[in-house]
Amino acid sequence: MPRRPASRPAAAPPAPAPSGARPEVTPRGPRYWLVKTEPETFSFEDLWAAPGRTTGWDGIRNYQARNFLRDDLRPGDGVLVYHSNATPSGVAGVAEVVAVGAPDPTQFDPRSPGFDPKATRANPIWYQAELRAVARAPRFLALEELRGLPGLAGMALLRRGQRLSVQPVTAEEWGIVLAAAGLGAPVATRAAAVRRPGPRADRSR
DNA sequence: GCCAACGTTGGC
DNA sequence: GCCAACGTTGGC
């Protein structure tokens, strides 16, 4: 289930990501991410309905996004699932990383739009992560609403020209988005469990 | 469908 | 290595 309508794989570039405009990843502690998916292809509801509410998040064909997926996601990390190219676009729910490190199988499948003739099983180019749905957003958080939330001005998603389909989210952004989505109460990702209680009013007595 | 913002390709 | 052409993303 391609997250992106897997575009033609680009030619193999120099392996490691240049640092340039790469959004920063929190070095320690729980990490948070946002992944984009076109709901007509694979929606949060599809993830929710998947066996074990889990699926291999495949179809990533951008090197920077791949590097986050391959090198930085860790089991237990929290993930905002964002619907792109949708009406409206926005955050539909929360997932968590279950496993990382597996090659994206669609790169080996000539019938898949994600097929990459340069990839071999010995030398895969693209990777996937196992994601498990944790909670629907009681309130779908539309992009327009996200733009209006104080504290999210610096969020990668909201920056002009930002197109990464896997991007880091800070702990602060995570807290703000969850609270606004009606998920202020603890969400059962390991990452969220580790999260320090913040100034948000989400501590039930 | 339009188009801005990028990433990639390929000629030189 | 430069950079114009082209392709893709994704909001609108």
Side-chain angles (χ1 to χ4, degrees), chain A residues 1-25 32-47 55-73 79-95 103-104 106-120 123-129 131 137 139-170 173 176-177 180-181:
Chain A
M1 43 236 75
R3 313 300 144 209
R4 321 251 83 262
S7 43
R8 218 71 268 287
S19 42
R22 188 177 201 258
E24 256 188 43
V25 180
Y32 307 97
W33 306 94
L34 179 145
V35 299
K36 297 178 183 176
T37 183
E38 301 195 1
E40 289 200 14
T41 304
F42 191 85
S43 69
F44 184 81
E45 284 308 308
D46 293 326
L47 179 59
T55 197
W57 203 262
D58 57 26
I60 302 295
R61 291 297 181 275
N62 167 281
Y63 285 99
Q64 201 178 351
R66 177 207 66 181
N67 292 346
F68 281 133
L69 199 78
R70 183 190 61 184
D71 304 335
D72 296 316
L73 264 70
V79 179
L80 302 173
V81 178
Y82 177 85
H83 285 174
S84 62
N85 256 325
T87 313
S89 295
V91 174
V94 169
D104 176 345
T106 64
Q107 72 191 303
F108 307 125
D109 178 2
R111 290 174 311 282
S112 167
F115 178 62
D116 188 339
K118 291 177 300 306
T120 65
N123 289 296
I125 298 174
W126 307 109
Y127 291 79
Q128 66 176 11
L131 298 187
R139 296 185 57 244
F140 179 89
L141 251 195
L143 177 60
E144 185 182 7
E145 209 173 339
L146 284 164
R147 290 194 193 282
L149 285 175
L152 295 188
M155 193 174 184
L157 177 74
L158 305 181
R159 286 207 287 269
R160 246 179 111 69
Q162 176 57 66
R163 299 178 312 181
L164 272 186
S165 54
V166 178
Q167 53 184 251
V169 169
T170 68
E173 292 160 355
I176 292 168
V177 170

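Naming: A, B, ... by sequence-line order, numbering from 1 per chain. Note that these values count all heavy atoms, side chains included, but never hydrogens, waters or copies made by symmetry. Please read these numbers as outputs of a predicted model, since none were measured by experiment.
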>> Whole angstroms only, please: what is the CG-P distance between A:Asn62 and C:dT9?
In response: 9 Å

> With no hydrogens and no angle check, is any side-chain donor or acceptor of A:Gln167 less than 3.5 Å from a backbone partner on A:Leu157?
Replying inline: yes

> To the nearest angstrom, how far is A:Leu143 atom CG from C:dC12 atom C1'?
Replying inline: 10 Å

Would you list the protein and nucleotides 1-3 of chain B atom pairs, both N or O, that sit under 3.5 Å from each other?
none

>> As a quick check of understanding, evaluate side chain to side chain contact (heavy atoms under 4.5 Å, CB included) for A:Leu69 and A:Trp33, giving each step before the final call.
In response: CA-CA 10 Å; A:Leu69 199 78; A:Trp33 306 94; over 6 Å; no

> Just how far, in rounded Å, is P of B:dC6 from OH of A:Tyr63?
Replying inline: 21 Å

> Quick one: does A:Leu47's side chain get under 4.5 Å of A:Phe42's, heavy atoms only?
Replying inline: yes

>> Treating A:Gln162 as the side-chain partner and A:Arg159 as the backbone partner, does any N or O pair qualify as donor plus acceptor under 3.5 Å?
In response: no

>> Regarding B:dA5, can its base be found pairing with the side chain of A:Arg160 as donor and acceptor, where the two atoms are less than 3.5 Å apart?
In response: no

>> Considering only residues two or more places apart or on different chains, which pairs with a residue in residues 139-158 of chain A satisfy salt bridge (Lys or Arg N to Asp or Glu O under 4.0 Å)?
In response: A:Arg139-A:Glu145

> Expressed in angstrom and rounded to an integer, what is the separation of A:Asn85 atom CG from C:dG11 atom P?
Replying inline: 6 Å

>> Is A:Tyr82 close enough to C:dG11 that one of its side-chain N or O atoms is under 4.0 Å from OP1 or OP2 there?
In response: yes

> Rounding to a whole Å, what distance do you find between A:Arg159:CZ and B:dC6:P?
Replying inline: 10 Å

> Would you say C:dG10 has OP1 or OP2 under 4.0 Å from some side-chain N or O of A:Lys36?
Replying inline: yes

>> Taking the side chain as everything from C-beta on, heavy atoms only, tell me whether A:Tyr82 gets closer than 4.5 Å to A:Leu143.
In response: yes

> Once you round it to whole Å, what is the distance between P of B:dA5 and CD of A:Gln64?
Replying inline: 18 Å

> Going by an N to O cut-off under 4.0 Å, is there a salt bridge joining A:Arg61 and A:Asp104?
Replying inline: yes

> CD of A:Gln167 versus P of C:dT9: gap in Å, rounded?
Replying inline: 15 Å

> Between C:dT9 atom C1' and A:Arg61 atom CZ, what is the distance in whole Å?
Replying inline: 16 Å

